[in-house]
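Reviewing the structure listed below.
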Amino acid sequence: MGSYRHIEVEPLTPTIGATIRGANLSQLSDDVFEEIHAAWLDHLVLFFRDQELTPESHLDFGRRLGELHIHPAAPYSHGYRELMTIHTDSRSHRNNGNGWHSDVSADVEPPMSSILHIESIPSHGGDTLFANMYAAYEALSAPMRDLLDTLSARHESDYTGQYGDHKPQREFPRAIHPVIRTHPETGRKALFVNAGFTKRIIELAREESDGLLRMLFEHVKDPNFQCRFQWDVNSVAMWDNRCVQHMAVWDYYPESRSGHRVTVKGDRPFH
Ligand code: SIN
């Protein structure tokens with residue numbers, strides 16, 4: 001774990017998640033950004049409170065990490081296609097991210113990071129859960145890890161009907177990725193199949209693939225790999241899609257919850 005001169009880093013659990021104090025995301029010096037980046041690689045998802053981000057400062061913070069990603073289908077706000085709208089109310093049929101997933105893993109180059117700013121919250125609930133996919137990989141037996149290391153899986157997206165009459169921005173992506181990927185910055189191995197997008201393990205028979213994916217989708221739900229974040233207005237979470245899955249709990253119907261997500265492009269997963 002790193003040592004920090006400019007920020008305070010308070011872990012949520014020993015496995016995943018940390019709250020950062022002493023950083024204003026709208027006005028970051030290079031020194032502070034470097035420490036945030038180091039803490040992010042160590043803790044996988046970072047939480048910041050009391051961040052009054054404008055659309056522009058939110059987008060600028062995302063650009064510190066890399067080129068911004070455009071969601072295939074979700075509505076966007078303030079005329080910026082890179083500023084995804086997160087909104088659920090009493091007329092919603094679903095919420096964003098209600099089910100374990102890694103954002104848009106069906107892209108050939110899936111997003112590296114997502115940065116979510118929450119602007120209105122229900123009176124109770126609306127938490128988000130995050131799970132550490134290095135820990136999920138490391139908790140498997142050695143023979144299972146050896147098998148998974150040789151496999152690849154098809155990820156598919158289908159956003160039909162998910163965003164009302166909003167017209168999709170591009171074709172729904174699909175891709176084949178290794179089941180276990182090596183994180184390009186840390187060099188650590190992480191489980192990279194998720195219930196939201198992964199449909200089939202290519203090298204196995206259909207029944208074998210279904211059984212193995214079912215087991216892995218259950219495995220990632222182990223609370224030992226997780227943290228749970230309770231949002232306030234102006235909280236920000238920044239997670240690493242290369243080694244984290246998340247799910248947003250929709251337990252607040254018919255109340256509303258809204259915010260915006262900026263997503264940063266990643267590279268092609270490799271073994
Ligand atoms: C998502 O990006 O999957 C939504 C997460 C959330 O609303 O907490």
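Here the structure is a predicted model, which means the values were calculated and not measured. One-based numbering along the sequence shown.
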In sequence, state the C-alpha distance, the side-chain angles, and the governing distance for Thr128 and Met247, and then conclude on side-chain contact (heavy atoms from CB on, under 4.5 Å).
CA-CA 6 Å; Thr128 307; Met247 74 160 284; over 6 Å; no

Audit row: Arg257, Thr88, side chain to side chain donor-acceptor pair (under 3.5 Å) steps and yes/no:
CA-CA 5 Å; Arg257 175 181 181 276; Thr88 313; 5.7 Å; no

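Its side chain within the 4.5 Å cluster rule, Tyr134 clusters with Leu12, Ile16, Leu44, Val45, Phe47, Met84, Ile86, Val104, Leu116, Ile118, Ile121, Phe130, Tyr159, Tyr163, Phe172, Phe197, Phe229, Trp231, Val233, Trp239, Val244 among the Ile, Leu, Val, Met, Phe, Trp and Tyr residues. Hydrophobic cluster of Ile70: no remaining members, since no ILVMFWY side chain lies below 4.5 Å from it. Other cluster members for Tyr253: Trp250, Tyr252, joined by side-chain heavy-atom distances under 4.5 Å among Ile, Leu, Val, Met, Phe, Trp and Tyr.
Between the Thr198 side chain and the Ala195 main chain, no donor and acceptor come within less than 3.5 Å of each other. For Gln51 (side chain) and Leu25 (main-chain N/O), a donor-acceptor pair under 3.5 Å exists by modelled atom type. In this structure a side-chain-to-backbone donor-acceptor pair under 3.5 Å is missing from Arg242 to His183. At least one donor-acceptor pair closer than 3.5 Å links the side chain of Gln169 to the backbone N or O of Ala74. Panel note: side chain Thr182, backbone Lys189; no donor-acceptor pair is recorded below 3.5 Å. With hydrogens and angles ignored, the 3.5 Å screen pairs no side-chain donor or acceptor of Glu119 with any backbone N or O of Asn234. Under the 3.5 Å distance criterion, the side-chain polar atoms of Asn95 are matched with a main-chain donor or acceptor of Ala248.
Under the salt bridge (charged side-chain N to carboxylate O under 4.0 Å, His left out) criterion, the residue pairs touching residues 29-46 are Asp30-Arg64, with sequence neighbours excluded. For residues 196-209, the set of pairs meeting the salt bridge (charged side-chain N to carboxylate O under 4.0 Å, His left out) definition, not counting sequence neighbours, comprises Arg206-Asp210. The salt bridge (charged side-chain N to carboxylate O under 4.0 Å, His left out) pairs that include a residue from residues 85-103 are Asp89-Arg91, Asp103-Arg261, where partners are two or more places apart or lie in different chains. Listed by first and then second residue, the salt bridge (charged side-chain N to carboxylate O under 4.0 Å, His left out) pairs involving residues 124-139 are Asp127-Arg228, Glu138-Arg188 (not counting sequence neighbours).
Here Asp251 pairs with nothing under the side chain to side chain donor-acceptor pair (under 3.5 Å) rule; sequence neighbours left out. Evaluation of the salt bridge (Lys or Arg N to Asp or Glu O under 4.0 Å) rule for Arg21 yields Glu8 as partners, not counting sequence neighbours. Partners of His87 according to the ring-ring contact (aromatic ring centres under 6.0 Å, His included) rule, which considers only residues two or more places apart in sequence or in another chain, do not exist here. Partners of Glu67 according to the salt bridge (Lys or Arg N to Asp or Glu O under 4.0 Å) rule, which considers only residues two or more places apart in sequence or in another chain, are Lys265. For Asp60, the salt bridge (Lys or Arg N to Asp or Glu O under 4.0 Å) test picks out Arg63, with sequence neighbours left out.
Both Val9 and Phe61 are part of a single hydrophobic cluster, where members link through side-chain heavy atoms under 4.5 Å apart.
To the nearest 0.5 Å, atom OG of residue Ser102 and atom NE2 of residue His246 are 7.5 Å apart. A distance of 11.0 Å separates CG of Asn194 from CG of Leu216, quoted to the nearest 0.5 Å.
Heavy-atom neighbours of Gln230 CD from other residues, nucleotides or ligands within 6.0 Å: at or below the threshold of 12.
Ring-plane geometry between His71 and His69 is classed as perpendicular, the angle between the planes exceeding 60 degrees on a 0 to 90 degree scale with a lower cut at 30.
Nearest heavy-atom pair, His166 versus Tyr76, reported as atom, atom and distance to 0.1 Å: CE1-CE2, 4.1 Å.
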